[in-house]
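Here the structure is laid out as structure tokens; the discussion comes afterwards.
What you see is a predicted model; the values in this text were computed from it and never measured.
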Amino acid sequence: MKRYISFIYLLFTLASCEGFLDVNENPNAPIASNLPLSAKLSGALVSTSNQETLQINQIGGFWGGYWGTNNDGTNLFFDLKTYNGPSLRSQREGIPVWENGFNNILFFRLIQEEAELSSNHFYVGTSKVMQGWLFLRLVDFYGNIPFDEAGQGNEKLQPRYEDGQVVYQKAINLITSGIADLKQAGPVPATNGDVMFNGNVDSWIKFANTVKLRALLRQSELGNEAYIQEQLALISQEGSGFIQHHAQVNPGYLNTAGKMNPFWETYYRDVQGNATANYQNLRPTEFLISQMQDRNDPRLSRLYQAIDGEYKGVVFGNSDAGNPKYDRVNTSAFLGAVENGGPTGLFRSFNQPSIVMSSFESFFLQAEAAQRGWIGGSASDLYNQAIQESFQLLTVPAMEATAYLSQQEVALERAEDPIRRIIEQKWLALNSISSIEAWNDYRRLGWPEFPATAASGVVGRPNRLMYPETERGTNLEQVLAQGNDMINEKIWWSR
């Protein structure tokens, strides 16, 4: 993913350095000062979607109960499989969720500031919505983070941390402000650089409302009813509703190294058509396969290859790595366009869009909110729509979706605990698409009850990420004032 980040980072670094190379500057050079807002928005959206579909989705894949590795990949993703916080925060070998997240906030903040100078409400609004998205994501990973002093580049090298709940409220307010800007946008030019909604203001507002609903549901177990109802009223008064189609990014992926869809190129095939190491060694967990089989889930055959007519998973954490049943050849790999002979499953084509937020997540969020009595509508209808949307993405025929929904183990109206059933089906649908939401739902509700790592000597489960070495090196006083225990300290909204 670094190849995607590096260009945009250089672009925005140049934009933020006042007077940089202002003597004999080539007006035709592609630097930030002469790139239009459309190019900057495109770059920032691609950078954010890459972080979502690769880095963040990978963490969720392992910690959300979906992924493990076969015997041939036992030594891969070792830090994620053993909950090794110090290694995950490492500047050299760790996962830079913090660094990439705040870089992306800076990118959108610079877009906002430039757009405000010309009263370009479309770019102001979209940049505010995306900053809100990123701040919420960072709180979910770390807890207390900077907000007021964040995204200011070299002007604030030691930004002040704020309480995670306060940041959540400020991020929601920022999204609400972005909606107000979008409503003032007027006509959006065709060359808008919006690689997510192609300048469709209504879609941006629906997306913003859906992000807010997700943030409010994070707080479902806290008894914070007055605040939640206040915010739900604002969504209702705004009136646009929630997304019904995927929020997805496609800058025009090419069949060229470094320019393909990053999920495809990382987890499936390279430009020569060779299977990647991740494709060869990542496998579904036995728990995931059993849960799909218990429900006669037809998505199973669209996602994974059968081995002698059966689906074979692995144990997350490789507790029995010497057992040949967990060898590469004896476990079920992903299915993709090559194996299926056409575009189906998770890997449909090298130029498929990157899903930032799926339509089915939106419907599951609405179903849970309706079941709780937070919004109007039928929880059952919204739940059924969510599952049908998931089936449609994986090209499962509609008649199979109908049969699936009629089962005792699936039908919402037959559930003893409807909220739990919604979360279980949400978990099945978000598999490898937005896997991080499974970890978030588990921390919030304790469902689904997927196993913790089987790696020897590991106790507990991760509740957060540790603050990274890069932050400790420049802002240690603020870091030390926060908690930094990955297993025992919880995010403010966790149960």
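Using a 4.5 Å heavy-atom threshold, the side chains of Gln366 and Gln385 count as separate. A heavy-atom distance below 4.5 Å is found between the side chains of Ser220 and Trp374. The closest side-chain heavy-atom distance from Leu213 to Leu232 is below 4.5 Å. Using a 4.5 Å heavy-atom threshold, the side chains of Asp194 and Trp204 count as touching. For the pair Leu136/Ile175, a side-chain contact is recorded, criterion being any heavy-atom separation below 4.5 Å from C-beta on. By the 4.5 Å heavy-atom criterion applied to side chains, Asn224 and Gln165 are counted as neighbours.
Here the side chain of Ser362 pairs a donor or acceptor atom with the backbone of Ile243 at under 3.5 angstrom. Looking only at distances, a side-chain donor or acceptor of Lys81 sits under 3.5 Å from a matching main-chain atom of Leu76. Looking at Arg443, its side chain does come within 3.5 Å of a backbone N or O of Asn463 through a donor-acceptor pair. Checked by atom type and distance alone, the side chain of Asn281 never pairs as donor or acceptor with a backbone atom of Thr69 at under 3.5 Å. Of the possible polar contacts, none joining the Glu221 side chain to the Ser494 backbone as a donor-acceptor pair under 3.5 Å is found. Glu471 places no side-chain N or O within 3.5 Å of a backbone atom of Tyr467 that could act as its donor or acceptor partner. Here the side chain of Ser42 pairs no donor or acceptor atom with the backbone of Ser38 at under 3.5 angstrom. With hydrogens and angles ignored, the 3.5 Å screen pairs no side-chain donor or acceptor of Gln112 with any backbone N or O of Ser127. A donor-acceptor pair under 3.5 Å is absent between the side-chain atoms of Thr48 and the main chain of Leu45, judged by distance alone. At distances below 3.5 Å, not a single donor-acceptor pair connects side-chain atoms of Gln55 with backbone N or O atoms of Asn50.
The CG atom of Asp381 lies 10.5 Å from the CZ atom of Phe363; values are rounded to the nearest 0.5 Å. The CD1 atom of Ile145 sits 6.0 Å away from the CD1 atom of Ile105 when rounded to the nearest 0.5 Å. Note that OG of Ser390 and CZ of Arg299 are 4.0 Å apart. Values are rounded to the nearest 0.5 Å. If you take CE on Met260 and OG1 on Thr266, they are separated by 10.0 Å, rounding to the nearest 0.5 Å. To the nearest 0.5 Å, the span separating CZ on Phe141 from CD1 on Ile59 amounts to 4.5 Å.
Taking the six-membered ring wherever Trp is involved, the centroid distance between the rings of Tyr161 and Tyr142 does not fall below 6.0 Å. Taking the six-membered ring where the residue is Trp, the centroids of Trp427 and Tyr66 are separated by under 6.0 Å. For Tyr168 and Trp492, the distance between ring centers is under 6.0 angstrom. Note: Phe108 and Trp133 fail the aromatic proximity criterion, with ring centroids not under 6.0 Å apart.
Minimum interatomic distance between Phe364 and Ile387 (heavy atoms only, all atoms of both residues): CZ-CG1, 3.9 Å. When every heavy atom of Gly125 is checked against every heavy atom of Leu182, the shortest pair comes out as CA-CG, 4.0 Å. Nearest approach of Val97 to Leu138, heavy atoms of both residues: O-CD2, 3.8 Å. When all heavy atoms of Phe287 and Pro451 are compared, the closest pair comes out as CG-CD, 3.6 Å. In terms of heavy atoms, Lys183 sits closest to Ser240 at NZ-OG, 4.4 Å.
The existence of a salt bridge linking Arg137 and Glu52 is confirmed by a sub-4.0 Å separation between a basic side-chain nitrogen and an acidic carboxylate oxygen. Taking 4.0 Å as the cut-off between side-chain N and carboxylate O, Glu437 and Arg218 count as a salt-bridged pair. Here Lys426 does not pair with Glu389 in a salt bridge; the nearest charged N to carboxylate O distance is not below 4.0 Å. A salt bridge is defined here as a Lys NZ or Arg NE, NH1 or NH2 lying under 4.0 Å from an Asp or Glu carboxylate O, and Arg420 with Glu424 meets this definition.
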Could you check Glu469 against Arg92 for salt bridge (Lys or Arg N to Asp or Glu O under 4.0 Å), going step by step and ending with a plain yes or no? CA-CA 9 Å; Glu469 288 179 358; Arg92 292 187 59 188; over 6 Å; no
Hey, mind stepping through Ser349 and Asn351 against side chain to side chain donor-acceptor pair (under 3.5 Å) and telling me if it holds? CA-CA 5 Å; Ser349 67; Asn351 60 353; 2.8 Å; yes
If you apply the rule side chain to side chain donor-acceptor pair (under 3.5 Å), what do you find for Gln51 with Ser47, and how did you get there? CA-CA 6 Å; Gln51 184 182 20; Ser47 180; over 6 Å; no
Steps toward side chain to side chain contact (heavy atoms under 4.5 Å, CB included) verdict (Asn144, Val167): CA-CA 8 Å; Asn144 300 342; Val167 175; over 6 Å; no
Step by step, work out the side chain to side chain contact (heavy atoms under 4.5 Å, CB included) result for Thr276 and Trp264. CA-CA 9 Å; Thr276 66; Trp264 172 285; over 6 Å; no
Test side chain to side chain contact (heavy atoms under 4.5 Å, CB included) applied to Met130 and Met196, step by step: CA-CA 11 Å; Met130 293 309 299; Met196 189 154 74; 4.1 Å; yes
Report the C-alpha separation of Leu393 and Ser358 in whole Å, then their side-chain angles, then the decisive distance to 0.1 Å, and conclude whether the side chain to side chain contact (heavy atoms under 4.5 Å, CB included) test is met. CA-CA 10 Å; Leu393 178 70; Ser358 65; over 6 Å; no
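Taking Arg160 as the reference, Asp148, Glu162 meet the salt bridge (Lys or Arg N to Asp or Glu O under 4.0 Å) condition, with sequence neighbours excluded. Evaluation of the salt bridge (Lys or Arg N to Asp or Glu O under 4.0 Å) rule for Glu489 yields Arg464 as partners, not counting sequence neighbours. Shown here are the ring-ring contact (aromatic ring centres under 6.0 Å, His included) partners of Phe347, two or more places apart in sequence or in another chain: Phe263, Tyr268, Phe334. Applying the side-chain contact (heavy atoms from CB on, under 4.5 Å) test to Ala150 and every residue at least two apart in sequence or in another chain returns Phe102, Phe135, Pro146. Under the side-chain contact (heavy atoms from CB on, under 4.5 Å) criterion, Pro86 pairs with Asn84, Met466, sequence neighbours left out.
A donor atom on one side chain and an acceptor atom on the other are found under 3.5 Å apart for Ser432 and Trp67. With 3.5 Å as the limit, one finds a donor-acceptor pair spanning the side chains of Gln58 and Tyr267.
With a 6.0 Å radius and a threshold of 12 heavy atoms from other residues, nucleotides or ligands, Glu230 has its CD atom above the threshold. Counting non-hydrogen atoms of other residues, nucleotides and ligands closer than 6.0 Å to CD of Glu225 gives a total above 12.
With Trp63 as the fixed residue, the ring pair (Phe, Tyr, Trp, His ring centres under 6.0 Å) test singles out one of Tyr442, Trp439, Phe450: Trp439. Asn250 pairs in a side-chain contact (heavy atoms from CB on, under 4.5 Å) with only one of the listed residues (Pro353, Ser354, Ser49), which is Pro353.
Pairs engaging residues 215-246 under the ring pair (Phe, Tyr, Trp, His ring centres under 6.0 Å) rule: His246-Phe360 [sequence neighbours left out].
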